[in-house]
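In what follows, chains carry the letters A, B, and so on, assigned in the order in which the sequence lines appear, proteins first and then strands, with residues in each chain numbered from 1. From a predicted model like this one, the values you see are computed outputs, not experimental measurements.
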Amino acid sequence: MYALDLEVIFGRHWLFCATEAEIPEPGDFVTVEVGSTSVIIVRDDDEGVSALLNVCRHRGSRIVDDPCGAVGNFVCPYHQWTYRTDGSLIFAESSQPGFDRSAFGLRRVPVRSLAGLVFVCLSDEPPVDFDEVAGVLEPYLAPYRLAGLKVAHQTDLMEAGNWKLVMENNRECLHCDAGHPELTSAYFPFLTSNPEDITPRLRPVYEEYLGAGAKLTEAGATRGIPSGARRELDSRPTGYQVTHMPLAGKGRSFGMGGAPVSAKLIGDVHDAVFGDMSVHFQPNSWFHLLSDHAIVFRALPVAPDRTLVRTTWLVSADAVEGVDYDVDRLTEVWTATNDEDRGFVERQQRGVSDPGYLPGPYATVEFDVEAFVTWYIRRLESHFGGGRDHLGLVPQTAAR
Amino acid sequence: MYALDLEVIFGRHWLFCATEAEIPEPGDFVTVEVGSTSVIIVRDDDEGVSALLNVCRHRGSRIVDDPCGAVGNFVCPYHQWTYRTDGSLIFAESSQPGFDRSAFGLRRVPVRSLAGLVFVCLSDEPPVDFDEVAGVLEPYLAPYRLAGLKVAHQTDLMEAGNWKLVMENNRECLHCDAGHPELTSAYFPFLTSNPEDITPRLRPVYEEYLGAGAKLTEAGATRGIPSGARRELDSRPTGYQVTHMPLAGKGRSFGMGGAPVSAKLIGDVHDAVFGDMSVHFQPNSWFHLLSDHAIVFRALPVAPDRTLVRTTWLVSADAVEGVDYDVDRLTEVWTATNDEDRGFVERQQRGVSDPGYLPGPYATVEFDVEAFVTWYIRRLESHFGGGRDHLGLVPQTAAR
Amino acid sequence: MYALDLEVIFGRHWLFCATEAEIPEPGDFVTVEVGSTSVIIVRDDDEGVSALLNVCRHRGSRIVDDPCGAVGNFVCPYHQWTYRTDGSLIFAESSQPGFDRSAFGLRRVPVRSLAGLVFVCLSDEPPVDFDEVAGVLEPYLAPYRLAGLKVAHQTDLMEAGNWKLVMENNRECLHCDAGHPELTSAYFPFLTSNPEDITPRLRPVYEEYLGAGAKLTEAGATRGIPSGARRELDSRPTGYQVTHMPLAGKGRSFGMGGAPVSAKLIGDVHDAVFGDMSVHFQPNSWFHLLSDHAIVFRALPVAPDRTLVRTTWLVSADAVEGVDYDVDRLTEVWTATNDEDRGFVERQQRGVSDPGYLPGPYATVEFDVEAFVTWYIRRLESHFGGGRDHLGLVPQTAAR
């Protein structure tokens with residue numbers, strides 16, 4: 001199943017990999033490892049973004065070892081084959097007579113930037129619906145001007161669990177109340193939009209939540225930013241969701257109790273109270289855009305039971321560390337939350353690997369987990385070219 | 001073969017897992033890992049012993065991480081599904097309409113206590129001969145009152161060898177003379193009951209051995225404890241053996257030179273010189289009951305070439321550490337012996353993994369190794385429903 | 001492919017394993033691990049060299065754990081079965097009636113010494129062309145009297161790459177200019193014998209190289225040592241090559257800038273300026289014989305992506321450490337070179353494991369890499385008993 005996941009899911013869908021903010025200048029690059037595949041994402045000499053396979057066309061050496069850096073050209077360390085940042089080969093020593101350099105450039109990978117978020121697809125025939133999705137999301141994201149932000153911090157967390165458990169964990173907040181005391185100090189405790197489920201004790205808080213939501217919609221309308229949720233998580237190859245949610249407490253940002261974490265607002269957002277613009281992509285990424293910073297997450301499989309979660313915190317380019325923001329305070333809530341989630345994923349990994357495991361019923365608020373699983377199964381069905389008979393897979397819902 | 005061993009041998013036979021002495025109070029539990037399966041062995045609220053699969057029925061998380069502990073109820077750390085110590089589900093948040101809690105208790109595993117020794121079977125159809133074997137062994141073991149003893153020490157030793165090599169090593173003492181100087185200071189050097197094999201030089205020691213044996217039989221008869229050996233190692237699913245053997249030197253216990261290791265005798269044993277009541281179970285355990293303490297051993301497979309051996313030392317509940325016994329002195333002989341055996345197993349693992357390995361002939365005194373192998377082959381034959389043709393397996397004896 | 005390599009390449013060809021200089025006295029031994037097979041190479045009581053499988057014929061334990069040592073007899077540590085250095089069994093305790101000791105000696109492996117270099121073959125039907133190859137090489141190697149040298153230093157370097165990448169790296173020096181600054185201080189920068197490829201700037205150095213080569217030939221002729229290259233790298237099972245190359249700079253040895261590294265010349269070599277007698281063997285060894293020392297290398301597979309490279313430095317038996325040679329200076333160039341090569345191999349391993357890898361064209365000076373690959377493919381073809389259709393393998397050259 002892991003090989004199938006790498007081939008069908010990670011090999012043929014758009015994957016969020018990096019932000020343009022990580023490669024501001026020509027020659028700046030980051031590398032991304034998807035299974036055994038290494039991709040170089042580089043700022044071109046013409047200011048565009050290229051994605052190149054990190055494998056020399058001579059004898060197959062890795063071209064760059066470093067996770068990020070800056071180059072003039074790429075020079076393979078083994079025999080000095082030299083490539084431009086667009087991948088074209090410009091030097092190869094002792095080549096055979098008739099050798100055609102133009103046939104041996106670094107292989108290029110489809111790449112797109114959506115409002116500064118860089119997606120690549122390892123297939124030469126990427127899903128065609130990306131542009132349509134980008135069209136939907138662009139108005140939500142553009143005001144944050146993500147490409148022009150500054151990377152304030154980045155962490156890599158290895159979780160001892162399959163990537164699907166990492167994603168399922170991300171797609172529900174039923175575990176938040178008991179599991180994420182830091183995060184829930186900024187989040188309203190409402191996981192459902194069904195007013196009938198609100199207990200009398202929580203009714204006043206619910207009213208506050210509704211009021212805060214209405215203010216967000218109003219503020220967005222003033223700025224020309226759409227605020228209605230869009231949700232196509234399991235109905236297309238490039239599954240996504242965007243939701244604009246009010247924050248609790250001080251209502252500003254992801255500091256403890258909803259406190260702000262940077263003194264400089266980002267992009268064109270002029271309201272300090274502007275909630276959480278929350279975006280999900282299938283199969284492997286999620287994003288929180290706040291008035292004073294943005295956090296982007298990606299999960300990449302490393303082994304059947306190992307997943308690397310990269311978290312990047314972005315602040316305004318003119319925010320000064322130690323003056324406008326403090327890294328510890330900026331990252332406090334999500335560093336704790338990530339680590340708590342790692343614990344949940346790892347416990348679940350051990351449990352679902354137990355021959356005694358039986359799938360159980362979802363809770364009502366786990367609908368986005370179900371959407372993830374449905375998307376996943378549909379993508380496999382599509383790969384096998386027919387109904388679900390091929391794998392014998394049925395969504396867990398059917399077993400309820 | 002490892003998967004087959006987990007399925008057929010460890011998945012369908014009674015496995016010694018723990019002693020009741022480890023879980024004296026309601027809510028006390030230990031966990032046992034058999035391959036990827038984790039079982040919670042817990043003292044019920046009604047003072048019985050339950051065995052539960054350690055997998056939440058909601059999304060499959062491990063319920064408990066700790067190897068032992070005490071609980072009121074079991075609460076899954078992921079979404080707080082809550083179970084009683086008998087496994088029944090009493091709380092599940094945000095459940096779907098019509099959800100039936102009674103259908104989602106923790107799965108129960110067959111469990112038996114034999115004189116305080118807890119056995120579980122991972123199959124719903126465990127071997128039916130356990131009760132018969134228990135009937136045979138109960139009179140030998142009951143006088144030691146194992147359930148009421150105190151755990152003085154417990155060690156886990158990871159051995160880099162297949163579990164079958166660990167068991168074969170346990171089932172012969174041909175290697176003891178050169179390999180276990182500590183153990184042989186308490187054991188008579190007689191591995192056979194064939195008097196013709198005794199050399200003239202050893203004749204006086206042999207006479208001493210026979211005399212000590214006769215005294216044991218006499219002492220047992222006085223107390224109503226049977227002393228005749230029983231041996232059904234390869235003739236039934238729940239293969240076992242019990243032998244009552246005299247000790248050399250001071251003849252008391254497993255201290256160096258047969259010295260006692262605790263000042264308080266255990267159970268109803270009133271003779272300080274009462275030899276070694278030695279018990280073997282297929283596939284994975286062995287026991288030594290002495291007048292002043294008991295040692296219980298279990299071997300569990302962790303990987304094709306990795307086995308975890310747990311050793312537990314039990315003393316009288318009223319023995320006081322530092323006064324009646326000293327942990328170092330109590331554990332000295334078997335800590336050294338275990339580590340020496342680990343070395344033998346690991347060297348053999350490397351050798352039998354060598355393409356140049358050819359099985360060789362057993363020595364005459366390796367009859368219990370042969371009994372183990374015969375039991376193992378018969379269990380596989382039984383699984384495959386016919387003669388040994390299915391696997392092409394023949395006992396090594398036939399090849400001599 | 002790894003299993004096939006172990007079976008066909010390492011299981012059926014002559015492998016350089018050690019030098020006689022490592023086992024000067026009767027009972028001296030070294031062990032060699034080829035995949036899971038362990039071989040003891042031991043100096044017999046009759047001064048010959050025996051190769052024995054390191055597996056006890058009783059229950060399969062490893063006989064010796066140490067990589068080298070000295071014994072009277074081999075005693076298995078498990079149950080003390082005892083073998084002479086020729087492998088014959090002389091003691092087995094408690095054996096069954098009728099046990100025939102002569103049938104249970106340690107299994108012997110074919111072994112040959114070529115001028116002090118010890119080769120073994122794990123097959124009972126080793127390639128018959130070894131003696132012919134030895135006849136060719138003996139006159140080149142004998143004057144160095146390798147068996148009588150002294151081991152000055154030995155290193156084991158684990159490289160995270162497949163053994164074939166290690167060998168390919170060894171078989172070309174296109175990477176030397178940029179990759180091995182230490183080594184190229186002693187080597188002339190000429191990888192080809194085609195004078196047309198020499199640039200005008202390098203012409204004077206090339207003339208110097210030709211002159212140094214002519215002097216070597218002359219010196220060899222005086223001593224009766226052949227100096228013409230012999231190259232049968234891909235045309236026979238025991239593929240080999242010998243080349244006598246002049247050194248640059250001081251022209252003496254592998255010290256920095258061609259400096260000598262030991263004050264005592266070795267064997268019958270009386271010219272301090274005697275170049276580098278360079279020998280290659282398929283599948284896994286290479287050798288450099290200098291006037292003042294010899295370096296021998298072997299690569300052995302440990303896993304599909306792991307290879308152990310052992311390097312042994314030999315000096316004159318009467319050279320005194322600290323007086324005639326200094327170990328740091330003796331080993332400086334090749335310790336650095338080995339480590340640099342490890343880096344190249346590991347980067348290439350990651351790259352060729354990338355699904356995005358496509359084989360590329362060789363440079364003109366990579367002809368010995370191609371010879372290695374051709375030899376390898378021919379050996380597999382021979383194994384499969386026919387044309388290359390069986391594996392679908394074609395040399396990369398054909399794809400240029």
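With contacts defined as side-chain heavy-atom distances shorter than 4.5 Å, the pair A:F344/B:S61 does not qualify. Side chains of A:H175 and B:R59 form no contact here, defined as non-hydrogen atoms less than 4.5 Å apart. Contact of the B:H58 side chain with the A:E366 side chain is registered, since non-hydrogen atoms from C-beta on lie closer than 4.5 Å.
The two atoms that bring A:T364 and B:P97 nearest to each other are CG2-CD, 4.4 Å, heavy atoms only. When every heavy atom of B:F99 is checked against every heavy atom of A:P361, the shortest pair comes out as CE1-CG, 3.6 Å.
Ranked by heavy-atom pairs under 4.5 Å with chain A, the list B:S95, B:C56, B:G98, B:S94 is led by B:S94. For the set A:P355, A:A178, A:G343, the entry with the most heavy-atom pairs within less than 4.5 Å of chain B is A:P355.
Residues of residues 69-81 of chain B having a heavy atom under 4.5 Å from any heavy atom of chain A, listed by number: B:P77, B:Y78, B:H79, B:Q80, B:W81. Inspection of non-hydrogen atoms places A:R347, A:Q348, A:R350, A:G351, A:V352, A:S353 of residues 345-353 of chain A under 4.5 Å from chain B.
Only the side chain of B:R107 comes within less than 4.5 Å of a heavy atom of chain A; its backbone N, CA, C and O stay farther away. For chain B, the nearby parts of A:N169 are the backbone and the side chain; heavy atoms of each come within less than 4.5 Å. Both the backbone and the side chain of B:T37 come within contact range of chain A, judged by heavy atoms closer than 4.5 Å.
Although no hydrogens or angles enter the test, the distance criterion places a donor-acceptor pair under 3.5 Å between the side chain of B:Q96 and the main chain of A:Y362.
Heavy-atom contacts from other residues, nucleotides or ligands closer than 6.0 Å to CD of B:E47 number more than 12. Around CZ of A:R236, the count of heavy atoms belonging to other residues, nucleotides or ligands within 6.0 Å exceeds 12.
A:D354 pairs with exactly one of B:V55, B:V39, B:V34 by the side chain to side chain contact (heavy atoms under 4.5 Å, CB included) rule, that one being B:V55.
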